[in-house]
Amino acid sequence: MPTEILSEITQSLVDGEPDITYELTHKALASGIEPMSIIREGLMPGMNIVGENFASGEFFLPDLIIAAEGMKKAMDVLEPELVARQQAIESPGTVVIGTVKGDIHEIGKTLVATMLSANGFKVYDLGVDVPTAVFLDKIKEVQANILGLSALLTTTMTMQREVIQALRDAGMRQTLRVMVGGAPVTRSWMNEIGADGYAEDAMGAVKVAKELMGIS
Amino acid sequence: MAFRPKLNVLGPDLVKKVFDESLALLIDPGVRVHNQEALRLLEGAGAKVDDGSQIARIPEVLVQQALTTAPSEFLLFDLSGRSVIHYGGDDVQYDPGSAGISILDRKSGKQRPPVTNDFVQFVKLVEMLPQIDAQSTAMVCLDVAEEIGDLYRLYLALNYMRKPIITGAFRIDTWWVMKELLVAVSGGEAELAAKPIAVFDVCPSPPLLWSDLTCQNLIDCAKAGIPAELVSMPLSGATSPVTLAAAVVQHTAESLSGIVIHQLARTGAPIVWGGSPAAFDMREGTTPMGAAETWLIDAAYVQMGKWLNLPTHVYMGMSDAKIVDVQCGLESMGGALMAALIGANMVSGAGMFDFETCLSPEKLVIDAEIIGLSKRVVFGVEQREDPIALDLMREVGHRGDYLAHPHTRKWFRKELYFPSEVIDRGSYDAWVQKGEKDAFERASERVDILLQKYEPPSLPRETRLELLKITQRAAQKFEMLELPQLPE
């Protein structure tokens, strides 16, 4: 029975049925399965399959997003239980992410945020048109390891440089890794403005974030 | 069902005029038929036959009668007995070009004559490409006696294929061997007629002439109930008049004569209104497949075929380029898309270029994407939901987050055609990271992957032996004592 419900949880993520994932997570807890087992043996295998199917071309962006939604719904149930047991999931890191000031493009940034959180990162998504000061405040508040800066316009990507400068000025650059992304952003731009990470797509961003945290 | 995007190139008055003139041509100057059985059939039915000149003058009544009895549609079956191809209506299906005499060598990039293994690999690729609906006896292998060139292709294909096949005979006697091969796979003559797995191309010679060979093939197909595909090929300005409308008149007359002979041989036998015309190139003296005028003649005769309520076929989606380059891609796309828009039931040409002579596995894989796009275009725009968008757009309002909406997930797979990695839609950086490969290199990698994934069909051992025996017997007749080993 326990292994059966865990594989049902896995399957519900792959099928893209967040409501079923949510129900099954409740059911699993009620039947006495440890929250940590639900994560390690139910949810994570599901997210791994989704990731593999995306890489092989069988799955597409909407499939990733719905699976991430199922993951989030399940974690909302499980997190209080973990706290009650004085346990914590090993998060690969804490990320503050947002689209820079003057730019209101959301999709790419949200996709990266979704994929990072589906992969265990603690993600604070500040939305779009985010003033530099707001980034800095949030980073301090949550002691972020990574800052993700999105810009979709050639006119706003210069803001990425400004935010990095502001981090240096505030003495926060040493402990913080900065990832940049968005349609006009390239690897050479990353190097030019002194950022640490860049990827072509959301799945690549997860890989880069893990590398930046020293996890392969 | 969505409204189907459809292209017509002839006005209604012109359709009628083309038909009337072609009927008149069948009486004067008539059709030259170098085949005794056909001449006797025509004479017996009331055509005026002159045995000296072998010219038959076919009255309209015979044409009208044949048009009533020729079926407007039929099905083709795969080797497991499933109907997978519908000749009729506006259904569009694709198969590779046929009877190529060279292959673009995958290593040297040069053209050379094909051998057994080349064709076997090609058949495997066709099996692995879902966009391509049927096999064809795509190339003539150099490593067997020329006299069995036609049947040997069919023998090879039958050992590796599941999809139905478009084929053709080069001789009168080999047609019978090819039929024997098909019967061996189908399990009997009645079974083959009830569930046809192959179509035979039969080509009248322009203008208005039937050779003994093709005419006999046509009659033999009719009698056996094996579908025949008329391939009339006016070459405008060379073997037919230069004006496009006049080339279509010639095509119509030749094809109508074929249908009359075919239906006289056996009433109700399945037959396809096909062709492979070309607008003769006035500088090079060649037969361009990538010419707009070639496409227009194709479109016009398909429209005639539909007007006559017959299943249709074209040779489109090929190129006049000598390698798989930009010209090759643009000409292939133009023809293949146009073929879809005119609703030709079978479109032959995938994988073929250098007019109708050379085949390339890489081009086949690229053409599969062209076919995917073309099929998607004619699938059209469906309403999908009622109201179309009102409820959804009111719910979402001014947030642009459709990517995460269940509505997207519900429909995106049905709405979108997903190309393989042959088509690059990633970012520039991603492309650089993957090695800066062009479409041909990506296609070449896909060829390798698909060949690796190919699984042979579960043809019974006895059937394989039977196929081998039939082919060996034919080969020995032409002093070829040993056939090449079948590749893995």
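Just so we're on the same page: letters track the sequence lines, and every chain starts at 1.
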J.: Heavy-atom cut-off 4.5 Å, strictly under: side chain, backbone, both or neither for Tyr428(B) against chain A?
T.: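 For Tyr428(B), no heavy atom lies under 4.5 Å from chain A.
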
J.: So which part of Asp201(A) gets closer than 4.5 Å to some heavy atom of chain B, the side chain, the backbone, both or neither?
T.: neither

J.: Quick check: are there more than 12 heavy atoms from other residues, nucleotides or ligands sitting under 6.0 Å from CD of Glu192(A)?
T.: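 Atom CD in Glu192(A) is packed in, count exceeds 12.
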
J.: Please confirm whether Tyr417(B) and Phe379(B) have ring centers closer than 6.0 angstrom.
T.: no

J.: Does a donor on one side chain and an acceptor on the other come within less than 3.5 Å for Glu395(B) and His405(B)?
T.: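 Glu395(B) vs His405(B): donor-acceptor pair found between side chains.
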
J.: Quick one: which of Gly57(A), Ala68(A), Ala183(A), Gly16(A) has the most heavy-atom pairs under 4.5 Å with chain B, could you say?
T.: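 Among the listed options, the one with the most contacts to chain B is Gly16(A).
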
J.: Verify, without hydrogens or angle tests, whether Lys109(A) (side chain) and Gly98(A) (backbone) share a donor-acceptor contact under 3.5 angstrom.
T.: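 The answer is no, because no donor-acceptor pair under 3.5 Å joins these two groups.
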
J.: Pick one of side chain, backbone, both or neither for Leu64(A), based on which atoms fall under 4.5 Å of a heavy atom in chain B.
T.: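 Interface part for Leu64(A): neither.
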
